[in-house]
Structure formats: structure tokens, C-alpha cells
Amino acid sequence: MAEETQVPASEAPAAADATQEKPAVKDEVLPPAAEEEPKKPESAEEPAEAAAAEVDGGKKDEEAGASESVEDPQKKALDELKELVRTALANHEFSKPPPPPVAAPGEEKPAEKTEEPAAEVPKEDKPAAGAPKEEKPTDKAEKAAAEAPKEEEKPADKAAEAAAEAPKEEGKPGDKAEEAAAEVPKEDKPAEKAEEPAAEESAKVEEGAHDAPAKEEEAAAMPPPPPEEVFLWGVPLLGDDEKSDTVLLKFLRARDFKPKDALAMLKATVAWRREFGMEGLLEEDLGAPAELAKVVFMQGHGREGHPVCYNVYGEFQDRELYQRVLADEEKRGKFLRWRIQFLERGIREQLDFGPSGVSSMVQVTDLKNAPGPWKWELRQATKALALLQDNYPEFVATQVFINVPWWYLAFNRMISTFLTQRTKSKFVFAGPSKSSETLFKYVAPEQVPLQFGGLSKEKDADFSTSDAVAEVSIKPSTKHAVEIPVAESCVLVWELRVLGWDVSYGAEFVPAAEDGYTVIVHKARRFAPTDEPFVKNSFKVGEPGKILLTVDNSASKKKKVLLYRSKAKGTAESM
């Protein structure tokens, strides 16, 4: 019975071998102990679990990578643009096409030489084909035959000459036949000569074919030209620091983070700058009138640290300045170059392309007394805006138009069709009554020049842009008092302005002691809009107390904006 039970056991592996090979291998490798057979499925489950764990881990990695790509699409677009720029620089796509390689002309010349003999072969075959018509080969043979007997005739006598002449006359037809028969083998000789040039030409072609790969190898062995270097505003397109990333991100933002579109814009900007002669323009002396310093200037910084550039086209109301700057096409082109030169210098001096720096500015355009839309100046301003949009992407944080006349809004609707939606979204318009308040949203009053409603003045011995200005809204038909406490002896200096004026203003010193006397510093009086735009006072304080500034807006039905600031100075300091 034991032997009977062993026979099916031996037959089972044989059956398994007929159906599956792998179990047979396992049966042969593993020990025959019966205790280990049930452990096989467990060992098979472990790799399955490990594989499942790896799959789960891979899914988690993919999910993490997907989340990262979703969280930082800008970085992905920036990396793609970098690769595009790197390829473009290697291929010299930002400059004119480079000259062809040295081996290129050599490759063409052998091809031209091989074509010339090929064209000459049929030309030499023509005489062979038309040999019966041509007489040149036969003439040469007759001359040779005629010269041969002449040399032999010298030793011969006259009788022999007569005998020789007789058959010649009778044998003319035979001579012609002989000549024709002689010409037949002579025709083979030109053919042989034609074959010789053909053989030489084929040899030259073979030599050229052998030389071409060698020249190609030489051209391949030559090192490729180094990638070109392109700088924008003093920053390389591909640099080691993050300034290059800042420049590239500007073009990406201007093209909605589409790398290919950003590259096209980048190439167009580089081409425009080269055509405009930007590097030479920076050092060029354009001989601009000094009055242009009032037309375009930079002063102060915005609330977010952006430098502020002012454009005051109303200055061209001065006819003399207009004639000197804008009278003809040449002068207008020169003014445009001066305007771009001013912008370029401002970018390099005022902006910082570092990761934590400020790389854009606030543009303020004052349209007070600006010429109408039929004048060139406004078209020039529009042209400057188009240049900023096309070649200075993301350099304008906000474009504020102040003192905007009624007709400009209609004119702006027409020119806005040439501007992108992203550019138009940065435009802010304010009429004459709201200009200062609107400007203060982007530039603090201590940074805004006096002419635009702020308190920033040149060569001010008492205050600077670092001295903050307080803003207070005074409701209609109300009175507002400002208290400035003074704790010790000093000279207190203050200044204030009310936008629009048409209010009453007064100042007095009130001592802290109960038995002290109030001192009138500035007698209350009404200020009209035509008066000085601001008031500046000072008072020498000898005891603790306070300065009380009173602004009365009871006669007006409009809200007023009050700006003021103060500073305590030592008694020895001069004002």
C-alpha cells in the first residue's frame, strides 16, 4: 500500500511538468520535506504585498508630484522658458544668423566641379557621332600621307616621279574609298580620347566623393560656436543668480505664463533694443533742454516701495519749449529717444531685480492743461505707453492718470483697443477734484510733490520724505482740531494743507499749567483755493503744553482732506 501511495505522488510532478514549468522547477529546488510545502503560498503572498506597497507608494509620489505641479505652475513655466532660452542662445536666435561654417563652401565646390565634366562629356562625343561630316581628321591624315612621299621623293628620279603621278590621277576614286576606309578606324581614336576625359572626370568625382566625408568629419570635429550672451537692463538672460529669473518672469506674466509666447516676446524686445541702439543710447548726449526736467522726472516712492515717475505733458503749453522739442519730426524723434533714455537710466538706477527687490514703478501722468487729442503730444504719450507694453513688460505696477479732462476718457476708449487687458487693468483715472485723493492711495502724501497735492518739497530744511504725514477727513459743516503735545522746551515746526482749501485755519499754544496763558500763534482766517497750497508755522515752546490747530469747514458742503505733520527741534537749531 505504501508503494501504491508513492506512485501517484511521482505521477503528480510529471503532470505538473506537462502543464507548468515553474512549479516543476520549484519542486526540484525546494527540499522534499512536506512541512515546507504549505509555506510556499505564504512566500508568494509576501512579494504580492510588497508589490502592492510599492504601487501605493508610487501613487502617493505621483499625487505629491501632481500637487507640487499644481501648487507651483509658475516654476514649471519658468523652467520651460529657461530651456527655450538656452536653446535659442545656443542657436544664436537672438542675433543675426551666424556666417556659414568653413567646411560648407568646400562641400559645395566639389559638387560644382563634378557637374562641369559631366556636362562636357556629351560635347566631346559630338565629333565622334558626326565624323563623316567633319574633314579635320581626314585633312590631317592626307597631309601626313602627302608629306611622307615628299620626303621619299628626294632620292627618286624624274621617271619614278612620272610613274608615281600617273596612278595618282587614275586612282582618285580608289583613294577616296581608301580614305573613307581609313577614316573609319580613325573615328575610334576620338572616342578613345573622349573616354579618357570621362575616366578622369569619374576619378575626380570619386575623389570628391571620398573628400566630402572627410570634410564633413572635419566640420563635425570643429567645435561649435559658443552660445551668445544677451543682457537686458544689465542682467543676463541666463545667469547664476535669481535676477535672471526675475527678468524672465516679467515676460511670462505678460504672456499669461505661456513659455513659447514669452520667448517670442523676448526675441522681439531684444531685436527692438538692438535696432534702437539701446546700449549706445545710454551714453549718448542728446542735448535736451533743461526744461524737460519738469516734463518727466522721478521723485519719491509708492506705498509698496515702487519708485514714482511723473509725466507732465501740460508743460508743453509753453510755446517756446514746444518749438524746441516738438516742432518737427526730427525733434520729436529726438524727444522720444530722450524719453526712452530717461526710462532706461531710471530702471538701472532705481530698480532691483533681486528676489526681494522692487523691479517695477508707479507711473503718474498729469493731464492738467494737456493738449487735446488733435495734438501730437498726446499721441506721443500713447506711443510711449505702447512701447512700455511691448518692450518693458511688468515694469509698471500702476499707471495713474490725474487731472483727466472729460474728452480724454472718450479718447482712451479708442486707444485701449491697442492695449492688452493686463495693461489696462493697471490704469487708474481721476478727474481734477479727485486727483490727489486717488494718488494718495498709491503714493503717501509725504512722497507726493507739492504740485500734485502732497507735501514733498525740494531743499526743505525741516521735513523730508521720511517724516510721515497724517491724513484726516473733515466732514461738511464741521470743525476739526489737531492737538500736538509738547513735553519740554523746544521749537515746534508744523505744516498742513487742506485739499481745496475754502476753510478757516487758526493755531494757538495752550500751556499745561492751569494758571498759564493761551498764546495765539496764527489768527484764524479763511483760506481760498487761490492761496498758497500749504501753511508752515513754528513756535518756541518754553513750558509743557500743546499746540492746537483748528480747521473750520462749516461753510462748505464738501468733505475736505487735511494733511499735517510736525517736528520738535532744539532751540539752537535754525529753521
Side-chain angles (χ1 to χ4, degrees), residues 67-86 89 229-259 261-263 265-266 269-270 273 278-279 282 297-310 340 342-364 388-400 420 422-423 425-428 439-449 454 456 464-469:
S67 62
E68 288 178 2
S69 62
V70 172
E71 291 175 0
D72 197 1
Q74 297 185 10
K75 186 179 183 302
K76 182 179 178 182
L78 179 60
D79 292 340
E80 185 176 347
L81 179 58
K82 282 183 177 180
E83 288 301 321
L84 293 175
V85 171
R86 185 174 290 105
L89 291 174
E229 293 184 355
V230 178
F231 290 80
L232 288 180
W233 307 289
V235 179
L237 289 186
L238 289 180
D240 297 333
D241 56 8
E242 296 183 357
K243 291 184 177 181
S244 299
D245 293 355
T246 302
V247 173
L248 295 180
L249 280 170
K250 287 180 176 293
F251 288 87
L252 278 172
R253 292 191 183 97
R255 290 297 178 263
D256 298 327
F257 286 93
K258 298 177 181 178
D261 294 347
L263 179 65
M265 184 182 186
L266 190 60
T269 297
V270 172
R273 293 174 68 83
M278 194 61 66
E279 296 303 321
L282 289 173
F297 60 92
M298 299 188 75
Q299 183 174 337
H301 292 78
R303 292 188 179 274
E304 297 181 357
H306 302 94
V308 184
C309 180
Y310 294 89
I340 298 298
F342 182 88
L343 176 61
E344 282 285 324
R345 290 176 176 174
I347 288 174
R348 300 191 184 216
E349 295 172 3
Q350 300 282 342
L351 300 185
D352 181 10
F353 292 97
S356 59
V358 175
S359 60
S360 59
M361 62 182 66
V362 174
Q363 289 277 348
V364 179
L388 286 174
Q389 174 186 248
D390 297 337
N391 300 292
Y392 296 88
E394 299 300 312
F395 275 91
V396 177
T398 307
Q399 176 75 55
V400 185
T420 64
R422 186 176 181 85
T423 300
S425 65
K426 299 179 181 181
F427 286 3
V428 178
L439 186 56
F440 293 160
K441 295 178 181 178
Y442 306 96
V443 187
E446 61 269 16
Q447 300 281 346
V448 176
S456 177
S464 66
T465 55
S466 60
D467 297 317
V469 173

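One-based numbering along the sequence shown.
Taking 4.5 Å as the limit, some side-chain heavy atom of Arg348 sits within range of a side-chain heavy atom of Leu282. The shortest side-chain heavy-atom distance between Val400 and Tyr310 does not fall under the 4.5 Å cut-off. Taking the side chain as every heavy atom from C-beta outward, Asp352 and Lys243 approach each other to under 4.5 Å. Proximity of Arg255 to Leu263: side-chain heavy atoms (C-beta onward) are nowhere separated by under 4.5 Å. In this structure, the side chains of Met361 and Gln350 stay at 4.5 Å or more apart for every pair of heavy atoms. Proximity of Arg273 to Asn391: side-chain heavy atoms (C-beta onward) are nowhere separated by under 4.5 Å. At least one side-chain heavy atom of Glu344 sits under 4.5 Å from a side-chain heavy atom of Tyr392. At a threshold of 4.5 Å between non-hydrogen side-chain atoms, the residues Ser456 and Val448 do not count as touching.
Residues passing the side-chain hydrogen bond (donor to acceptor under 3.5 Å, both in side chains) test with Asp241: none are found, sequence neighbours excluded. For Asp467, the side-chain hydrogen bond (donor to acceptor under 3.5 Å, both in side chains) criterion is met by Lys567, not counting sequence neighbours. Partners of Thr246 by side-chain hydrogen bond (donor to acceptor under 3.5 Å, both in side chains), not counting sequence neighbours: none found.
To the nearest 0.5 angstrom, Leu249 atom CG is 10.0 Å from Glu394 atom CD. Separation of atoms CD (Glu80) and CZ (Phe257) is listed at 13.0 Å; rounding is to 0.5 Å. Here the straight-line distance linking atom CD of Gln399 with atom OG1 of Thr423 works out to 10.0 Å at 0.5 Å rounding. Met265 CE to Lys250 NZ: the interatomic distance, rounded to the nearest 0.5 Å, is 11.0 Å. Distance CZ/Phe251 to CG/Leu266: 5.0 Å, rounded to 0.5 Å. Of the inter-residue distances, the one linking Leu81 atom CG with Arg86 atom CZ reads 10.5 Å to the nearest 0.5 angstrom.
Between Phe353 and Phe395, the two ring planes are perpendicular [angle over 60°; tilted spans 30° to 60°].
A salt bridge is absent between Lys76 and Asp72: the closest approach of a Lys/Arg side-chain nitrogen to an acidic carboxylate oxygen does not fall below 4.0 angstrom.
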Given side-chain hydrogen bond (donor to acceptor under 3.5 Å, both in side chains), test Tyr442 with Gln447 step by step and report yes or no. CA-CA 10 Å; Tyr442 306 96; Gln447 300 281 346; over 6 Å; no
